[in-house]
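All remarks here apply to the structure that follows.
Just so you know, these numbers come straight off a predicted model, no measurement behind them. The chains referred to below are lettered A, B, ... by the order of the sequence lines, with proteins before strands, and numbering in each begins at 1.
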Number of protein chains: 2
Amino acid sequence: MPKGRVTVIDIAKAAGVSKSTVSLVLQGSPLVNDGTRAKVNAVMRELGYVYNRGAANLRQSGSKSKIIGVVVNDLTNGFFAELAVGVDMVVQSAGFVQFLSNTSENLDRQREVIASMREHGISGLILSPARGTEAADLKPLVTAGIPVVLAVRNVPGAKASSVVSDNREGVFLGVQHLASLGHHRIAFLGGFRDTAVFGERVAGYRAAATTCGLDCDEDLIVDSQPSRAGGAEAIERALSIGDMPTAAVCFNDAVAFGVCDGLRARKLEPGRDFAVVGFDDVIEAKTAVPALTTISVDPQGIGRRAAQLLLKQISAGKAEAEAIVSSVRLVVRESCGAANGPLAGRKQA
Amino acid sequence: MPKGRVTVIDIAKAAGVSKSTVSLVLQGSPLVNDGTRAKVNAVMRELGYVYNRGAANLRQSGSKSKIIGVVVNDLTNGFFAELAVGVDMVVQSAGFVQFLSNTSENLDRQREVIASMREHGISGLILSPARGTEAADLKPLVTAGIPVVLAVRNVPGAKASSVVSDNREGVFLGVQHLASLGHHRIAFLGGFRDTAVFGERVAGYRAAATTCGLDCDEDLIVDSQPSRAGGAEAIERALSIGDMPTAAVCFNDAVAFGVCDGLRARKLEPGRDFAVVGFDDVIEAKTAVPALTTISVDPQGIGRRAAQLLLKQISAGKAEAEAIVSSVRLVVRESCGAANGPLAGRKQA
DNA sequence: TGACTTTATTGGAACGTTCCAATTATGAAT
DNA sequence: ATTCATAATTGGAACGTTCCAATAAAGTCA
């Protein structure tokens with residue numbers, strides 16, 4: 001069994017200085033002679049000293065750990081993996097470390113994870129909330145002065161900052177583009193109806209439909225799991241209604257990939273036989289075949305902004321709720337070149 | 001600015017008991033009268049008490065946090081997301097929380113992340129090592145008695161436990177299956193040559209080629225980034241050699257998806273025109289079109305086993321290196337029904 | 001009621017580190 | 001050599017919680 005931990009007392013003894021000097025070295029204080037500093041550092045290396053952050057936090061005034069908690073609702077969606085990568089880019093250079101936790105859309109798990117993060121004294125939290133999260137869930141954090149930034153999904157009533165994409169505008173652009181290609185029957189596929197994101201994206205869908213004088217058939221709005229599997233299911237349902245759609249804007253890129261899978265299962269070629277637009281522009285959107293037309297929200301960009309906002313609040317020592325709506329843009333690739341295909345052409349023939 | 005944190009002293013005063021009684025309640029000790037316990041719990045709820053894990057760890061003998069550190073080399077690969085979900089299933093019921101960190105194959109980042117985890121007193125570490133990780137990187141952890149379990153990639157010489165899939169056997173099965181379908185020119189696509197996983201999988205490839213009397217052309221082994229984009233690139237290179245392959249076993253499912261993308265970009269249909277076998281059996285393997293034939297290693301299963309192994313070591317208080325080779329199995333789906341297609345039939349004609 | 005046993009509660013010190021006022025050491029000027 | 005100023009180092013107490021021996025309270029029996 002290895003010996004217990006090496007402490008500043010051990011280092012002090014071995015270096016022939018006081019514990020206070022060791023502490024000064026640890027703090028990078030200019031009040032230490034360079035020779036003494038070098039000696040202490042050498043001893044720490046030699047004895048394998050590992051800082052005890054918990055002990056330090058006890059004494060340091062107003063101090064927290066160097067941890068940023070990041071809690072996401074579905075880690076198996078590549079979007080959130082990329083968001084985490086974006087967060088990492090920013091917090092890393094500020095000397096923080098991101099501890100990422102996944103809730104798999106489970107509210108109890110979310111509460112547990114956040115509670116544990118608080119016990120360990122996180123400096124701040126970036127949260128993509130699980131379905132059903134309420135402002136009351138965030139209140140204790142806000143009251144305790146822990147900076148919180150909501151990402152991707154907002155929580156109405158929560159006095160927390162947020163970084164969300166312009167959901168309404170994004171879907172508006174997607175539908176508008178499909179309409180400009182001549183599509184009249186455009187579906188909206190995927191997503192949970194009880195989330196704010198879904199509501200906003202459908203609002204953009206309806207607005208574009210009205211603006212472009214399109215059919216506004218409720219059957220064209222098909223909810224499903226916002227995953228690839230959910231997308232395959234949603235297109236199945238959309239193509240089994242009487243007056244089939246010829247194109248779709250999908251809740252996110254994962255759903256869009258699933259829609260392409262579902263089309264191929266019916267011997268239809270995405271892009272040629274049916275126009276598909278995604279939302280997110282994950283890395284794979286560019287390399288998929290056909291390359292996916294999508295609303296680019298840059299998940300890494302959202303992660304970076306959320307992290308910047310959080311770091312700003314941490315260093316300002318106050319939490320003033322700010323809302324950032326990340327702008328979106330339409331990236332046209334091959335998945336919606338279907339306007340002249342057999343399906344789309346039927347209305348005109 | 002909110003008031004400072006609520007401590008056991010505050011709770012003790014408000015409940016009219018001593019701090020020691022509050023501590024006993026926190027520990028769930030049977031030595032406290034039920035009425036007193038109820039009173040203390042009510043006060044804690046009322047005042048919003050948040051336990052200070054760092055302070056508690058200071059005093060508790062041999063104690064660590066309730067954190068399991070999980071460090072992965074590429075979070076954007078769905079395999080690792082699923083592995084993390086599997087870890088979560090196990091550590092959750094043991095009262096631990098998983099803090100997941102991503103290294104993006106960067107060794108310096110890995111060191112940084114592990115160091116930070118140690119400062120915060122993690123109870124144990126599950127590591128899928130970044131490329132280039134050496135036993136020396138793990139030595140300080142092992143010496144300090146911190147349980148470490150390596151997952152997916154082994155680190156030769158490290159006295160740590162590991163859970164890896166049977167790489168050699170898996171690729172052997174895949175190649176053998178393709179040979180049984182009549183393929184003679186079988187490629188191995190994707191992966192970094194300098195990793196042990198690559199070496200093992202190629203060893204299985206070679207063994208199967210020998211056993212099945214296949215061509216053993218070095219040009220049929222094409223390395224690339226083990227990602228979807230890497231897969232698209234690898235198939236491009238494989239189809240530009242003189243005597244083209246008619247089938248491939250891919251380093252992992254992400255590479256396989258990219259290979260399918262690349263085939264389609266050349267107007268070839270995966271499954272019909274070229275047989276594809278993946279490795280991992282991620283969730284999307286089943287729903288992709290064509291559904292992917294793959295070597296099932298069950299990433300969530302690996303995560304669960306790694307977590308079980310780690311928890312076992314944590315509660316035993318000793319770290320005895322154990323190696324678990326997770327068995328694999330071939331799951332036949334649609335992506336390799338190509339033996340009678342035009343490409344495969346050319347050799348016989 | 002007193003003695004004994006069991007239950008419940010408590011005060012003080014420990015844990016590793018930081019902070020700050022006090023002390024010591026060093027260097028420069030006279 | 002002495003004095004003063006500056007640089008460097010130090011000891012003690014604080015932080016929030018736990019542990020353990022000591023103390024107090026409650027219950028039982030003669």
Side-chain angles (χ1 to χ4, degrees), chain A residues 3-41 43-44 47-66 115-116 118-122 144, chain B residues 3-41 43-44 47-67 115-116 118-123 144:
Chain A
K3 70 177 193 82
R5 87 182 294 150
V6 177
T7 68
V8 287
I9 305 286
D10 301 320
I11 302 296
K13 273 187 192 139
V17 298
S18 83
K19 60 172 172 45
S20 298
T21 302
V22 176
S23 178
L24 290 172
V25 172
L26 284 171
Q27 298 305 311
S29 171
L31 303 180
V32 185
N33 172 287
D34 284 348
T36 306
R37 188 190 306 276
K39 187 165 183 185
V40 171
N41 279 325
V43 168
M44 284 199 280
L47 298 191
Y49 173 72
V50 173
Y51 196 61
N52 189 329
R53 180 64 66 176
N57 288 347
L58 220 41
R59 187 65 178 85
Q60 291 187 318
S61 63
S63 103
K64 291 281 163 81
S65 69
K66 285 293 191 182
S116 190
R118 288 193 67 190
E119 282 182 18
H120 291 94
I122 50 166
Chain B
K3 71 181 193 81
R5 86 181 297 150
V6 177
T7 68
V8 287
I9 306 288
D10 301 321
I11 302 296
K13 275 190 186 133
V17 297
S18 84
K19 60 173 170 50
S20 298
T21 301
V22 176
S23 177
L24 290 172
V25 172
L26 284 170
Q27 298 305 311
S29 171
L31 302 179
V32 186
N33 172 288
D34 285 348
T36 306
R37 188 189 307 275
K39 186 165 183 182
V40 171
N41 280 326
V43 169
M44 284 198 281
L47 298 191
Y49 173 72
V50 173
Y51 195 61
N52 188 328
R53 180 65 65 177
N57 288 348
L58 220 42
R59 185 67 178 84
Q60 290 187 319
S61 63
S63 107
K64 290 285 164 81
S65 69
K66 286 291 190 181
I67 307 177
S116 189
R118 288 192 69 189
E119 282 182 19
H120 289 94
I122 49 168
S123 293

Subject >> B:Leu31 side-chain proximity, nearest of D:dC15, D:dT18, C:dT9 >> reply: C:dT9
Subject >> Residue whose nearest DNA chain D nucleotide is more 5′ - B:Ile9 or A:Asn33 >> reply: A:Asn33
Original post:
Quick one: CD on B:Glu119 to CG on A:Asn52, what's the gap to the nearest 0.5 Å?
Top reply: 9.0 Å
Original post:
So what does B:Thr7 hit on the nucleic acid, given a heavy-atom distance under 4.0 Å: a base, only sugar-phosphate, or nothing?
Top reply: sugar-phosphate
Original post:
Which nucleotide in the set D:dG16, C:dT10, C:dT18 lies at the smallest distance from any side-chain heavy atom of B:Ala55?
Top reply: D:dG16
Original post:
Given D:dG16, C:dT17, C:dG11, which nucleotide is nearest the side-chain atoms of B:Ser18?
Top reply: C:dG11
Original post:
Using rotation axes that map the C1' atoms of four end pairs onto the next four (five pairs an end), what angle separates the end axes of the helix from C:dT1-D:dA30 to C:dT30-D:dA1, to 10°?
Top reply: 50°
Original post:
Rounded to the nearest Å, what distance is computed from the NZ atom of residue A:Lys13 to the P atom of nucleotide D:dT9?
Top reply: 20 Å
Subject >> Test side-chain contact (heavy atoms from CB on, under 4.5 Å) applied to A:Val43 - qualifying residues, sequence neighbours left out >> reply: A:Ile11, A:Ala14, A:Ala15, A:Leu47
Original post:
Would a 4.5 Å heavy-atom cut-off, applied to side chains only, mark A:Gln27 and A:Leu24 as touching?
Top reply: no
Write out a two-atom table: protein N or O, nucleotide N or O from nucleotides 20-23 of chain C, distance below 3.5 Å.
none

Subject >> 4.5 Å side-chain heavy-atom contact, A:Tyr51 and A:Val8 >> reply: no
Subject >> A:Gln60 CD - C:dT18 P separation (whole Å) >> reply: 6 Å
Original post:
Base, sugar-phosphate alone, or nothing: which one does B:Val22 contact when heavy atoms must sit under 4.0 Å apart?
Top reply: nothing
Subject >> Of the listed nucleotides C:dA13, C:dT9, D:dT9, the one nearest the side chain of B:Thr21 >> reply: C:dT9
Original post:
Do B:Tyr49 and B:Asn41 touch side chain to side chain, with heavy atoms closer than 4.5 Å?
Top reply: no
